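A short write-up of the structure that comes next.
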Amino acid sequence: MDPTFRLRTATRLHFLLLRRYGQDIDVNLLLKSQATKHDGLWLCRATGDKELIALARRLARANHAHALDEARLREAAARMARPAAGATARELPWGRDTSGFGLTNPQELNAPPSGVARRAGHWLNPKHWLRG
């Protein structure tokens, strides 16, 4: 179903009710999944106007289908969030000693590089390119 169908139908109902009967029904209320119990849809049915009744029925069906889709998506997300059987949560090593505001020990940044990194850094430093 077109994702904008519900919005277009609710907007059309809103403006038809406002123009013909002076009833200002909020579009957000019409789009709620429990909108079949909303006074706006009851009002459409009570007017006896065939166009309003048809639009109200379409919107009620679309709201019901949308609610079912949302329930399926919530169920799938809950299924994905559950850990597999036998899996245990492991703590990541980099997250143990940090407060979330950077390194706990800033001395690690000032530590001299290892031998391999020092030799590679020597060749990558432009100051050393012309030295013989």
Side-chain angles (χ1 to χ4, degrees):
M1 178 180 282
D2 181 21
T4 62
F5 177 76
R6 291 176 56 236
L7 179 62
R8 287 184 290 125
T9 306
T11 305
R12 186 160 182 200
L13 271 174
H14 165 78
F15 283 115
L16 283 175
L17 285 170
L18 188 61
R19 188 178 316 133
R20 291 184 186 171
Y21 300 103
Q23 296 292 325
D24 187 17
I25 305 294
D26 190 20
V27 175
N28 290 329
L29 293 175
L30 291 172
L31 289 175
K32 287 187 178 179
S33 59
Q34 297 295 328
T36 55
K37 300 174 185 173
H38 188 264
D39 292 337
L41 298 180
W42 286 101
L43 178 66
C44 293
R45 292 182 183 124
T47 60
D49 188 351
K50 290 181 182 180
E51 183 180 11
L52 285 175
I53 293 171
L55 281 172
R57 284 183 182 153
R58 277 192 236 147
L59 183 61
R61 275 187 257 129
N63 283 341
H64 182 68
H66 180 71
L68 291 176
D69 288 344
E70 277 186 341
R72 276 190 224 115
L73 287 174
R74 268 190 251 111
E75 182 182 324
R79 210 177 314 120
M80 295 286 287
R82 280 186 236 132
T88 59
R90 296 183 184 170
E91 188 176 319
L92 298 174
W94 55 266
R96 288 186 195 140
D97 296 329
T98 62
S99 62
F101 295 102
L103 293 173
T104 306
N105 299 326
Q107 294 84 14
E108 295 173 5
L109 293 175
N110 298 330
S114 65
V116 174
R118 194 178 320 123
R119 275 185 265 129
H122 176 75
W123 289 102
L124 296 175
N125 191 347
K127 290 187 221 173
H128 300 287
W129 287 352
L130 299 177
R131 292 185 185 168

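Predicted model, so just to flag it, every value in this text is computed and none were measured. When a residue number appears, it is its place in the shown sequence, counting from 1.
If you take NE2 on His64 and CG on Asp69, they are separated by 10.0 Å, rounding to the nearest 0.5 Å. The line from CG of Leu68 to NE2 of His66 is 10.5 Å long, rounded to the nearest 0.5 Å.
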Please tabulate, one pair per line, all N/O donor-acceptor pairs under 3.5 Å involving side-chain atoms of residues 11-20, not counting sequence neighbours.
residue, atom, partner, partner atom, Å
Thr11, OG1, Leu7, O, 2.7
Arg12, NH2, Glu51, OE2, 2.5
His14, ND1, Ile25, O, 2.5
Arg20, NH1, Asp49, OD2, 2.1
Arg20, NH2, Glu51, OE1, 3.0

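Dense packing is recorded around CZ of Arg8, with more than 12 heavy atoms of other residues, nucleotides or ligands lying under 6.0 Å away.
The side chain to side chain contact (heavy atoms under 4.5 Å, CB included) check on Ala10 picks up Val27, Leu30, Leu31, Leu59, with sequence neighbours excluded.
Put simply, Leu55 and Ile53 are part of two different groups of oily side chains (I, L, V, M, F, W, Y) that touch within less than 4.5 Å, one to the next.
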